[in-house]
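Lettering follows sequence order; numbering is per chain, from 1.
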4 protein chains.
Amino acid sequence: MPKKHQIIEAAIRVFAREGLEKGKIADIAKEAGIGKGTVYEYFSSKADVFKAIEEHVTTGMIDVVAEVLKKPVSAEEKLRLIFSISVEHINHMGDELLIVTELLVHGARGHMFDEGTNTMVDMYSTYRELVETILIEGLQNGEFREINPPGIATLFLAFIDGIVWQYVFIKDTSNFKLLLDEALESFLKGIKL
Amino acid sequence: MPKKHQIIEAAIRVFAREGLEKGKIADIAKEAGIGKGTVYEYFSSKADVFKAIEEHVTTGMIDVVAEVLKKPVSAEEKLRLIFSISVEHINHMGDELLIVTELLVHGARGHMFDEGTNTMVDMYSTYRELVETILIEGLQNGEFREINPPGIATLFLAFIDGIVWQYVFIKDTSNFKLLLDEALESFLKGIKL
Amino acid sequence: MPKKHQIIEAAIRVFAREGLEKGKIADIAKEAGIGKGTVYEYFSSKADVFKAIEEHVTTGMIDVVAEVLKKPVSAEEKLRLIFSISVEHINHMGDELLIVTELLVHGARGHMFDEGTNTMVDMYSTYRELVETILIEGLQNGEFREINPPGIATLFLAFIDGIVWQYVFIKDTSNFKLLLDEALESFLKGIKL
Amino acid sequence: MPKKHQIIEAAIRVFAREGLEKGKIADIAKEAGIGKGTVYEYFSSKADVFKAIEEHVTTGMIDVVAEVLKKPVSAEEKLRLIFSISVEHINHMGDELLIVTELLVHGARGHMFDEGTNTMVDMYSTYRELVETILIEGLQNGEFREINPPGIATLFLAFIDGIVWQYVFIKDTSNFKLLLDEALESFLKGIKL
DNA sequence: GATGAATGAGGGTTCATTCAT
DNA sequence: TATGAATGAACCCTCATTCAT
C-alpha cells in the first residue's frame, strides 16, 4: 500500500523533528498532505504508527545484516561487512536515529505499543545474536583466538552504538571514516589468532 | 535547599520509570510525598524541572572528570582514570541513563528548555574538549604518536557511549568489566608511541 | 424500491442491537451487504434513516389499528381487537421495541429529524384518538357507562405501553398471555354499562 | 460531597434536555457553572456520570418502596402505598423520566457502564421482587385469591410503567389522578378474595 | 510556605458525509 | 447506480498550571 508507506515517511519526518510525544497526528497528516482522519484509515492509533515505524526501521536493518551471514566468506570478512553496512545504514538514517533512540529507550523501559512484543529490543537482541554466530563460527574454524563470544559481541555492538551517537551529535562525520577503519582493524587484530 | 533536591530525586525516579513526557507533575509530587502545588514553589514549570535534572546530571559528570585534568599524572593515566570514572558513573546511574538519553535526543533536535542554552549538548562538548585537551597534552609531551586529537576524542566518546547502551539493555554487566579493560588497553596501545 | 427497504431492515437490526446513536452508518451498510456510500443513495442522512424507520414502524401499527375502526362490530369488540392486535404486534417486534422507545423519547424531547413533524409522537396521538373515537362511539350507542373518553383512552394506552416494557425486560412472556386476557376483561367490565 | 451532587444535578438537566449521547460533558460543566476539567475531578468518565445518575435515581426509588414492606399493614394496603408512592415519585421526576427510559433501554440491550453490573435492570428486578413478596404475603394470609404472584407482579409493574409513559407524553396529568385510583381499585378487586 | 481543587488548552479518536471513479 | 477512500468537525479526556486558603 503506497499511501500507508507515504504516511510512515511523513511520520518519520515529523517525529524526527518534533519527538515521538510532541509530534501530533495532525502534523503527520499535514506533512503527508492528507486529512487527519485519513491517518486512521491506515493506522488504528498513534501507537500503531510507532509500531509501523519500528518495523520499517528494524526490517531494513536486520534483513541486510542477516544476508551477510550466508555469504561464503571468512568470519573476519563478515564482521567487516556488517560493520561497514551498519555504518552506511546509520549514515543514511540521519535524524531517523533520534526516533530509533527514543524507541529503544521506550523499549528498554519495558513499555510496549503492542501487547507482548518489544520489536525494537528484539531487533537489538537479534542483531547481537547474529554477531555472536559469526564469532562462534570464527572460533570454530580457527580464525579467532580463545574469545568469549557474548562479551565480544557486546563490545562490537557498543562500538557501533557509540558511533551512532557521534553521528547524532556531530552531523558531519566525513573526516571520521578513516578513524573508524583504523578502529575496526584494531578491534579485529585483538580477536584474531 | 534540601526540598528542591528532594523533588529532583523524585522527578528522576518518575521520569526514569515513565519517560520525560509521560511522567506527570502529579506523579513527582506523590513520589516526593508533597503536594502538587509545592513543586511549583521550587520550579517554575515542567521544563524547569528538566533543566534542573540536566544540571544535576551534568554537574556530577563534568566536575569529577575535570578534576582528573589537574592530577599530576601522565596523559595516558588520565585517559585511564576518565574511562574508569565514567564507567563507574554509568554503572551507578542505572535507569537514570534513560533520562540522560532522552535529554540528549531532545538537545540533538535543537529543542531547549531554556532560551539559548543546551545544557546536555554543551556538557557533551565539554566532555569531548576535556578528552581532546588530554590528547593534545600527550601529543606534546611525546606520549602519543602522531594522532588527530578531535577524531580520537570522538572515538573515545563513542567507546564510552556504546558501553552506556549495553548497560541500558543488558542490566547485569558484571562479567563485562574485564572486556572493557582489555578494550581500553587495546585502544591505548593504538595511540601510544 | 426493494433496496431501500433492505437498508431499513438492516438499520433496524443494527439500531436494535447498538442503539440509535451508537449504531453507525458503516454498520448498516455492512449488515445490508452494501457499500457505505450506497446508503446515501437512498437516504440523505442518518436522521433520514431514523425518519424512515419511524414511518416503517408507525405505518404498520396505525394502518392495522385503523382498519379495526371500520369493522361492523361493537365498540367493545373493537377494543378487544385493538388490544390483541397491539399485543401481537408488540410480540412480533422484539428488540425493535428498543428503537421505538428511543424514538419516542427523542420525540418527547421535542427533537425532530424532519423540520416540523414529530412522526412518532404524532403516531402516538393518532393511536390515542382512534381509541377515543371508539370510546365515544360506545358511549353514544349505549355500550359504555358515563366515562371520560380522553382519560380512559390514556388508561388503555398506559395498559398497552406497560406491557411493552415487560416484553422488553422479560423476553419470554409466553405464560403471561392469560393474565393479559384477564386484565383486559377486568378493564372492559369497568367501563361497560 | 456537595460538588459531586451539584454536577449530577446539572448532568440530569442536560441529559434530560439533550439525550444521553447528545449531552456533552462541556454542557454539564457549563450548566453546573464549572470548568470542563472539574467534571473529571469527580467522575472518571462520561459513563461514570451515567452510573452515578443511575444510582441517584434508583436509590431514591427502591429505598422508599422497600420501606413500605416493613409497615404493619395489610398486603393490600402495601400495594396501595407502593402505587401512590410510585406515582408520586414519577410525578416529581418530570423529564428525568426520559433519562431513566434511556438508561433502561441501554440496560435492556445488555450494555453496561460498569463491568458486571446492570444497575437499572437490577433495580427493575428488585422492584418486581418487592411486589412479588407482598403478593405472596397476601396470598398466605388469605387476603388474595389463588393468584400467580410473578404474573400479577409483572402486571402491576406494567400498570405503573404504562402510567410513566403517559406522564412523559401528556405533561399535565392533573385530571388523570382520579382514573388512576379507579384503575387501582379495579386491579385490587381482581386479586382479592 | 504548602496545598489541592479548579481550569481549559490541546490532542487523540470517531464517524457522518462527500465525491471521484 | 454503487462504492469506499478521504475528510474534518466534534467530542472525550489529560494534565500543566494557577490561586485561594
Side-chain angles (χ1 to χ4, degrees), chain A residues 1-4 6-7 18 21-30 32-50, chain B residues 1 3-4 7 18 21-30 32-50, chain C residues 1 3-4 7 18 21-30 32-50, chain D residues 1-4 6-7 18 21-30 32-50:
Chain A
M1 211 171 290
K3 187 69 135 308
K4 185 163 187 170
Q6 188 190 128
I7 295 171
E18 312 287 352
E21 300 295 331
K22 285 279 164 61
K24 299 172 244 169
I25 292 288
D27 296 337
I28 295 172
K30 188 174 283 178
I34 57 175
K36 195 155 46 109
T38 308
V39 175
Y40 286 89
E41 289 287 316
Y42 297 90
F43 300 93
S44 64
S45 65
K46 198 182 179 186
D48 197 32
V49 177
F50 289 156
Chain B
M1 210 170 293
K3 188 72 129 318
K4 184 162 186 168
I7 295 172
E18 313 287 349
E21 299 296 332
K22 287 278 164 62
K24 301 171 231 167
I25 293 289
D27 295 337
I28 295 171
K30 187 178 282 178
I34 58 173
K36 197 154 36 112
T38 309
V39 174
Y40 284 86
E41 289 291 321
Y42 296 91
F43 301 93
S44 63
S45 66
K46 196 181 181 186
D48 198 31
V49 177
F50 289 156
Chain C
M1 209 171 296
K3 187 71 130 317
K4 184 163 187 168
I7 295 171
E18 312 287 351
E21 299 296 332
K22 287 278 163 62
K24 300 171 231 168
I25 293 289
D27 296 337
I28 296 171
K30 187 178 282 179
I34 58 173
K36 198 157 28 119
T38 309
V39 175
Y40 285 87
E41 290 291 321
Y42 296 90
F43 300 93
S44 65
S45 66
K46 196 182 180 185
D48 197 31
V49 177
F50 290 156
Chain D
M1 211 172 291
K3 188 70 137 304
K4 184 163 187 168
Q6 189 189 126
I7 295 172
E18 313 287 352
E21 300 295 333
K22 285 278 163 63
K24 296 170 246 170
I25 292 289
D27 296 336
I28 296 171
K30 189 175 284 179
I34 58 175
K36 195 158 40 110
T38 308
V39 175
Y40 286 90
E41 288 288 316
Y42 297 90
F43 300 93
S44 63
S45 66
K46 198 182 179 187
D48 197 33
V49 177
F50 290 157

Give a yes/no answer on whether the side chain of D/Tyr42 brings an N or O atom under 4.0 Å of OP1 or OP2 in E/dA5.
-> no

Can you run through DNA chain F from 5' to 3' and write each base as (, ), [, ], | or . depending on how it pairs? Watson-Crick or G-U wobble, both distances under 3.5 Å.
-> .||||||||||||||||||||

[X] has an atom [atom1]; how far is it from atom [atom2] of [N], in whole Å?
X       : N      : atom1 : atom2 : answer
C/Ile7  : F/dT1  : CD1   : P     : 12 Å
A/Gln6  : F/dA5  : CD    : C1'   : 13 Å
D/Glu18 : F/dA10 : CD    : P     : 15 Å
C/Lys3  : F/dT1  : NZ    : C1'   : 8 Å
C/Ile28 : F/dT3  : CD1   : P     : 15 Å
D/Lys30 : E/dG8  : NZ    : P     : 11 Å

Which residue lies more 5' along DNA chain F, comparing A/Gly33 with C/Gly33 via nearest heavy atoms = C/Gly33

Please find the pair of heavy atoms, one from [X] and one from [Y], that lie closest to each other, and give the distance.
X       : Y       : value
A/Ala32 : A/Gln6  : O-OE1, 3.4 Å
D/Ile7  : D/Phe43 : CG2-CE1, 3.5 Å
D/Lys36 : D/Ala26 : CD-CB, 4.0 Å

Is it true that a side-chain atom of D/Lys22 and a backbone atom of C/Glu21 form a donor plus acceptor pair closer than 3.5 Å?
-> no

Give, for atom CG of C/Asp48 and atom CZ of C/Phe50, the distance between the pair rounded to the nearest 0.5 Å.
-> 11.0 Å

Footprint string (nucleotides 14-21 of chain F, 5' to 3'): B base within contact, S backbone only, - free, heavy atoms under 4.0 Å = BSSBB---

